[in-house]
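Indexing begins at 1, ligand by ligand and atom by atom, following the structure's order. For the numbers below, each heavy atom of this structure counts, side chains included, while hydrogens, waters and symmetry mates do not. Along the sequence shown, residues are numbered consecutively beginning with 1. Everything numeric in this text was worked out from a predicted model, so none of it was measured.
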Amino acid sequence: MSDLRCQLDLLSAMNKKLQRDEKMLRLICETSNSAFLYYNYEEGTVQTIANWDYFFDFKVTNKMDFNRFYDCVEEKYISPLREALFIEKRGMKSTTIDVKMKESKMWVEVETNIIYNEQGHPTDKIVRFKDVTKFNSQNDELTYMAYYDILTGLYNRNYFVRLLGEFVRKAKEENGNVAVMFIDLDDFRKMNDGLGIIVGDEIVQLFGQFLSELANDNIVISHFNSDIYCIGIYNPCGNRSVDAIYKKIYERLEKPFKLSTGQELSLSVSVGVAEYPEAASNTLELINCAEIVMFKAKSSGKGKIQYFDGSILEDFLQNVSIETKLKEAVFAQNFNMHFQPQFHTTDKMLRGVEALIRWKDETGKMIRPDVFIPIAEKNGMIVPIGTWVMEESIRIYAEWKRKYHYPMIMSLNVSAIQYKQPDFIDKVVQILEKYDVSPSEVELEITESILIDDFQEITEKLAILRDIGIKISLDDFGTGYSSLSYLKGLPIDTLKIDKSFIDTVITDENTRIITESIIYMVKKLGYETIAEGVETQEQYDYLHEIDCDNIQGYYLGKPMPPEEIEALIEKTLA
Ligand code: C2E
Ligand code: CA
Ligand code: CA
């Protein structure tokens, strides 16, 4: 009796242990993010365990049901999956593959394990299905990022360079051609600043989407960065294929782009084109040439296309050489100042001088400021150059003042980039204090383009400078967009009428009428007037007659070194 009892206790204990083990196994399976399939060869039975429903919407109860798996996966995974599920046919013990599900797009890792008996016959098969979507899509993303630009879905720069390299290689073999179109959205910075970078991104995206429609086997399209796109064309039929593409772009740009906000926006682009083998013999050079040519298109007015031509490259290289020399000149302060006198029209007495920078390069060749100042403005060197001009001019002026006690106005050209420096005003004040020059003896010349780009910021600074007592003068009036009504309320004291008016004022009736009304209006607004580029007695007499306050020009004095200005002061005082 006690034996039986003992056996019962043992059975019950074993049963409990079995239940515990089963529970433990089930928990392990269920929390493993996997589903399992167990096949018993001897009995021919199939059993599914754990998270089956997560993966499949069908049950597998016999071997025939295995076919259902093939309907679930994308076409190209069907046969690898068949091989993986039946590895016993190849005598394998285990294998693992990844398959992609057709509907759910889930990535599933399928691992098959077979157990063989001593005779080498399979006895048990366990297949594990595991969700590896997260891991695989990260891989997908990495692959995508290696080739494509996320924002536009176009090829990225690196991959484009590779594809273009292929085109060039093929062209070399087949005596073919490759054209590169370098495309830059006009005024993108303004749109980005004005509408915000989110809208900026949307613009880049919309235009990129449009470009992508132009792609085919022989046309690859990429987004380089920001607002720059590049198109590579294999074996173009001369300019004709490029022209045809440009025509499509041009026609699209005639219609506005619609933003997600509903707002409509018109775009224009500048395009540079360079061709292999004419412009360059390798990929990177080809892209560089197209870029340089694009800059030329941009500077000759926006919304244009420019084809490569050797002289453009030459000019560019010359500018690069000027830039290099300019850097050295800034370092060595290899500049000097000339001053052009300005006279009161009525009595031809000296009103003041305009400071004009002069630079001779190391070979003694004179480089004109209208050549190197724009370069210095582009690369930021205008800031140290401008500070030097200001300090040197005021230093010289202080010397004249000490020597002659003749009150004059020192007029300085100041670029927009200088105004935008946060310490610009402090710098001016410091220099004035250092040389003990009164603010009223200094006039800063600005051009209208400064005001167009950053009206608010600059006018605020101008107002502060005027409060200090410094004069502000609007240079080159008449060459920009300005209208007389726009002048009203500008924080300026003086207006300089551009040389282009003075040039034709005698010969052209219209210019005369315009010049007269400018002077009349400007005087009414309370500004002082200066006529620039006065070269003849006739021009002078006429300007005198119409009451222009001051005259500057070769007729009464060219820009000259400081000693000659001293002679002029002495003459005035005599
Ligand atoms: P701008 O400010 O309009 O200067 C007047 C230019 O006209 C000067 O050329 C001057 O020599 C020239 N000019 C004056 N009167 C006559 C005339 O009767 N006939 C002719 N044909 N030309 C005349 P410059 O010195 O070559 O300067 C060219 C431009 O370079 C200046 O135009 C100015 O925009 C810029 N610049 C010169 N110095 C500086 C500087 O220190 N800083 C900055 N930011 N720009 C400067
Ligand atoms: Ca000037
Ligand atoms: Ca001027």
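Ligand 1 places these atoms under 4.0 Å from at least one heavy atom of P559: 11 (O). Each of the following atoms of ligand 1 lies closer than 4.0 Å to a heavy atom of G533: 15 (N), 16 (C), 17 (C), 18 (O). For ligand 1, the atoms sitting less than 4.0 Å from at least one non-hydrogen atom of D476 are 3 (O), numbered in the order shown with element in parentheses. Counting the atoms of ligand 1 from 1 in the order shown, those under 4.0 Å from a heavy atom of G553 are 15 (N), 18 (O). The E532 neighbourhood of ligand 1 comprises atoms 3 (O), 5 (C), with distances under 4.0 Å to a heavy atom of that residue. Within the listing of ligand 1, atoms 44 (N) sit less than 4.0 angstrom from a heavy atom of S415.
The closest approach between K558 and ligand 1 stays at or above 4.0 Å for every heavy atom of the residue. Remark: distances from the non-hydrogen atoms of K496 to ligand 1 are all 4.0 Å or more.
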Worksheet item: Can K403 and E399 be said to form a salt bridge (Lys or Arg N to Asp or Glu O under 4.0 Å), step by step?
Response: CA-CA 6 Å; K403 256 182 165 167; E399 230 169 84; 5.4 Å; no

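Metal site remark for the Ca ion (ligand 2): D476 contributes no N, O or S atom at a distance under 3.0 Å. For the Ca ion (ligand 2), the set of nearby N, O or S atoms under 3.0 Å includes one belonging to D475. Checking N413 against the Ca ion (ligand 2), an N/O/S atom falls under the 3.0 Å cut-off. Among the atoms of E532, an N, O or S atom falls under 3.0 Å from the Ca ion (ligand 3).
In terms of polar-atom proximity, defined here as any N/O pair under 3.5 Å, E377 makes no such contact with ligand 1. Ligand 1 has an N or O atom lying under 3.5 Å from an N or O atom of E535, backbone or side chain. Among the atoms of I357, some N or O lies under 3.5 angstrom from an N or O of ligand 1. Taking any N or O of Y555, backbone or side chain, none lies under 3.5 Å from an N or O belonging to ligand 1.
Listed for the Q205 side chain is a donor-acceptor partner under 3.5 Å among the backbone atoms of L151. Panel note: side chain R466, backbone I472; no donor-acceptor pair is recorded below 3.5 Å. Here the side chain of Q421 pairs no donor or acceptor atom with the backbone of Q418 at under 3.5 angstrom. At distances below 3.5 Å, at least one donor-acceptor pair connects side-chain atoms of E202 with backbone N or O atoms of S260. Checked by atom type and distance alone, the side chain of Y555 never pairs as donor or acceptor with a backbone atom of G533 at under 3.5 Å. A distance-only check finds no donor-acceptor pair linking the side chain of K296 to the backbone of Q306 [under 3.5 Å]. In terms of modelled atom types and a separation under 3.5 Å, the side chain of T572 and the main chain of L350 share no donor-acceptor contact. Side chain of D549 to main chain of I530: no donor-acceptor pair is present (N/O by atom type, distance under 3.5 Å, no hydrogens or angles).
Atom 26 (O) of ligand 1 has as its closest protein heavy atom P369 CG, 3.4 Å. At the top of the distance list for atom 13 (N) of ligand 1, counting protein heavy atoms only, stands Y554 CE2, 3.8 Å.
Of the candidates K499, R358, Q340, R358 brings a heavy atom nearest to atom 25 (O) of ligand 1. Of the candidates N413, D475, L556, the one placing a heavy atom closest to atom 42 (N) of ligand 1 is N413.
Counting only heavy atoms, the protein never gets under 4.0 Å from atom 7 (O) of ligand 1. Atom 44 (N) of ligand 1 lies below 4.0 Å from at least one non-hydrogen atom of the protein. For atom 32 (O) of ligand 1, no protein non-hydrogen atom is found at a distance below 4.0 Å.
Between Y540 and H544, the ring planes are tilted. Angles from 30° to 60° get that label.
A heavy-atom distance below 4.5 Å is not found between the side chains of T511 and I514.
Proximity of L356 to ligand 1, defined as any heavy-atom pair under 4.0 Å, is shared by backbone and side chain alike. Residue-level proximity to ligand 1 for E354 is carried by the side chain, the only part with a heavy atom below 4.0 angstrom.
For E445, the N, O or S atom closest to the Ca ion (ligand 2) goes by the atom name OE1. Atom OE2 is the N/O/S atom of E354 found closest to the Ca ion (ligand 2).
A donor-acceptor pair shorter than 3.5 Å cannot be found between the side chains of E445 and S473. Residues E391 and Y435 have side chains that bring a donor and an acceptor to within less than 3.5 angstrom of each other.
For Y229 and F224, the ring centers sit 6.0 Å or farther from each other.
Of all non-hydrogen atoms in F339 and P562, the two that sit nearest each other are CE1-CG, 4.1 Å.
Considering R351, K471, K496 in turn, R351 is the only one that fulfils the salt bridge (Lys or Arg N to Asp or Glu O under 4.0 Å) rule with E528.
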